[in-house]
Amino acid sequence: MSEEFEANTMDSLVDLPFATIDIKDDSEITDVPKVNLERSKENGCNNKDQIKKRKKKRKDYQPNYFLSIPITNKEITKGIKILQNAIIQQDERLARAMSSDGSFHITLLVMQLLNEDEVNIGIDALLELKPFVEEILQGKPLTLPFEGVDTFGNQVGFVKLAEGDHINSLLEIADAAKRTFQEKGILAGESRTFKPHLTFMKLSKSPWLWKKGVKKIDPKLYEKFISHRFGEEVAHCIDLCSMLKKKQSNGYYHCESSIVIGDKNGGEPDDAELVRLSKRLVENAVLKAVQQYLEETQNKNKPGDGSSVKAEEADRNGTDSDDRK
């Protein structure tokens, strides 16, 4: 594989939270229905056309939204910053590869939402996911302990989840999410087996690194953190986030909607968490209101619309009233 091709491949993954997705694998459909040989040629052709459309749609699959469990525990985020700084001290160039403050999360599912209507369908799917999550957790908190560091192919550095029952819970939630969103007609999921992880760096964030010859994350850079315990996160929500829209002021991804999860009786969100959730909901509501206002304003200013129509109605009303005098 040429260096130019490798660089172009990494360029296409810049700053996306799903660097391990194999888009090529996703272009193949494994559940194409078999054509009944006894059907008429016309039906056979129609079926083949539908299969081609599905293949083309899948081939064009480029996730731009994802379901996120935000990681906000200060002990964990502080530990990650120490890890990042330790790596940067050994190679300053890698500062460009580090995940930014406020963006730490676990990705449950990636998907493609192409317009506002599909985003709204995604929001509905997220709301429908909530009872499935509650059934899986059975009123218990989802506690996520982070311990140790590893990489995906020496390209993506991540903090590992310690072994335990929480892994099975996450796998069940991710599976329920994939099923719920796909039943809504949303292209979602990836071909690789789901492996929950907390990304702290990835080389694809900076193509400049490749040009400078930095093509792998040297394990020696993080060897002191191989067994380090970073802390526990009690998950309180699942967010539907955009990969491409402008991030929030706190560094976290643009969030379209959220559902609250976890312990109903004991582990309620603390004040800081409630403030964060409330702020996010307010920001989303304000953003949507502004977008709606701009759309309505643009529609009113279109030629032949809005004020001109109202003027014509006023003239007609005036004429009618004169006729009745």
Side-chain angles (χ1 to χ4, degrees), residues 17 65-77 101-111 113 118-146 161 164-184 186 188 194 196-198 231-243 245 247-289:
Y65 277 82
F66 65 106
L67 291 185
S68 164
I69 295 179
I71 305 301
T72 58
N73 183 327
K74 291 182 179 180
E75 179 186 0
I76 297 174
T77 57
D101 294 349
S103 66
F104 300 126
H105 68 280
I106 288 180
T107 299
L108 285 176
L109 181 71
V110 295
M111 69 198 72
L113 304 175
E118 291 189 3
V119 171
N120 288 332
I121 294 173
I123 292 173
D124 290 341
L126 178 61
L127 295 177
E128 290 183 14
L129 176 63
K130 184 177 174 64
F132 293 109
V133 176
E134 291 177 346
E135 183 178 353
I136 292 169
L137 297 180
Q138 294 291 309
K140 300 177 181 178
L142 179 58
T143 303
L144 307 174
F146 291 94
L161 270 173
D165 293 339
H166 54 275
I167 298 289
N168 292 330
S169 296
L170 274 178
L171 293 175
E172 289 183 46
I173 292 173
D175 184 63
K178 184 176 182 179
R179 184 173 63 252
T180 302
F181 277 76
Q182 288 183 344
E183 287 177 354
K184 286 282 191 179
I186 294 173
F194 172 66
H197 60 280
L198 173 51
E232 295 183 347
E233 176 80 25
V234 179
H236 290 303
C237 65
I238 297 176
D239 301 327
L240 174 60
C241 296
S242 169
M243 300 179 186
K245 291 183 179 180
K247 289 184 178 181
Q248 299 180 37
S249 57
N250 61 1
Y252 190 62
Y253 296 91
H254 172 86
C255 178
E256 299 287 352
S257 186
S258 303
I259 57 172
V260 177
I261 63 172
D263 190 355
K264 296 179 181 178
N265 300 316
E268 294 294 331
D270 57 23
D271 290 343
E273 181 69 12
L274 289 173
V275 169
R276 188 178 67 84
L277 289 172
S278 299
K279 183 178 179 181
R280 184 187 306 160
L281 291 173
V282 171
E283 287 179 348
N284 292 337
V286 170
L287 187 61
K288 288 189 176 182

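Quick note: numbers below take in every heavy atom, side chains included, and nothing from hydrogens, waters or symmetry partners.
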- Using the six-membered ring wherever Trp is involved, compare the ring planes of His105 and Phe66 and label them parallel, tilted or perpendicular (cut-offs 30° and 60°).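 Correct class here is tilted.
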
Restricting to non-hydrogen atoms, name the atom on [X] and the atom on [Y] that form the minimum distance, rounded to 0.1 Å.
{"X": "Leu129", "Y": "Leu67", "result": "CD2-CD1, 4.2 Å"}
{"X": "Ala188", "Y": "Lys178", "result": "O-CE, 4.2 Å"}
{"X": "Lys74", "Y": "Thr77", "result": "O-OG1, 3.2 Å"}
{"X": "Ile69", "Y": "Ala235", "result": "CG2-CB, 3.8 Å"}
{"X": "Leu126", "Y": "Phe181", "result": "N-CZ, 3.7 Å"}
{"X": "Ile136", "Y": "Ser169", "result": "CG2-O, 4.1 Å"}

- Message: Which residues pass the side chain to side chain contact (heavy atoms under 4.5 Å, CB included) test with Thr143, not counting sequence neighbours?
- Response: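 With neighbours one apart ignored, the set is Pro141, Glu232, Val234.
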
- So with a 6.0 Å cut-off around CZ of Phe132, is the heavy-atom count from everything else above 12?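 Open: at most 12 neighbouring heavy atoms sit under 6.0 Å from CZ of Phe132.
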
- Query: Would the number of heavy atoms belonging to other residues, nucleotides or ligands and lying under 6.0 Å from CG of Asp165 be above 12?
  - Reply: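 Open: at most 12 neighbouring heavy atoms sit under 6.0 Å from CG of Asp165.
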
- Message: Show, in sequence, the C-alpha distance, side-chain angles and deciding distance for Phe146 and Ile71, and conclude whether the side-chain contact (heavy atoms from CB on, under 4.5 Å) test is met.
- Response: CA-CA 11 Å; Phe146 291 94; Ile71 305 301; 3.9 Å; yes

- Query: Do Glu256 side-chain atoms and Ser242 backbone N/O form a donor-acceptor pair below 3.5 Å?
  - Reply: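 No, Glu256 side chain to Ser242 backbone: no donor-acceptor pair under 3.5 Å.
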
- Item | Donor-acceptor contact below 3.5 Å, side chain Gln138 vs main chain Glu135 |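 Yes, Gln138 side chain to Glu135 backbone: donor-acceptor pair under 3.5 Å.
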
- Query: Do Asp239 and Tyr253 have side chains that get closer than 4.5 Å, going by heavy atoms?
  - Reply: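 Sidechains of Tyr253 and Asp239: no contact.
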
With rounding to the nearest 0.5 angstrom, report the [atom1] to [atom2] distance, [X] to [Y].
{"X": "Gln248", "Y": "Ser103", "atom1": "CD", "atom2": "OG", "result": "11.5 Å"}
{"X": "Leu108", "Y": "Leu240", "atom1": "CG", "atom2": "CG", "result": "11.5 Å"}
{"X": "Glu134", "Y": "Ile173", "atom1": "CD", "atom2": "CD1", "result": "11.0 Å"}
{"X": "Leu144", "Y": "Ile106", "atom1": "CG", "atom2": "CD1", "result": "5.0 Å"}
{"X": "Thr72", "Y": "Phe104", "atom1": "OG1", "atom2": "CZ", "result": "12.0 Å"}
{"X": "Leu171", "Y": "Ile167", "atom1": "CG", "atom2": "CD1", "result": "6.5 Å"}

- State which residues pass side-chain hydrogen bond (donor to acceptor under 3.5 Å, both in side chains) with Asn73; sequence neighbours excluded, sorted by chain then number.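 Checked Asn73 against side-chain hydrogen bond (donor to acceptor under 3.5 Å, both in side chains); zero matches.
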
- Who passes side-chain hydrogen bond (donor to acceptor under 3.5 Å, both in side chains) against Asp124, sequence neighbours left out?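 Asp124 satisfies side-chain hydrogen bond (donor to acceptor under 3.5 Å, both in side chains) with no residue once adjacent residues are dropped.
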
- Check the pair Glu128 / Lys184 against side-chain contact (heavy atoms from CB on, under 4.5 Å), numbers first and verdict last. CA-CA 10 Å; Glu128 290 183 14; Lys184 286 282 191 179; 2.7 Å; yes

- Message: Consider side chain to side chain contact (heavy atoms under 4.5 Å, CB included). Of Leu142, Thr180, Val260, Ile261, which one does Val133 pass it with?
- Response: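 Running side chain to side chain contact (heavy atoms under 4.5 Å, CB included) over Leu142, Thr180, Val260, Ile261 with Val133 returns exactly one hit, Ile261.
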
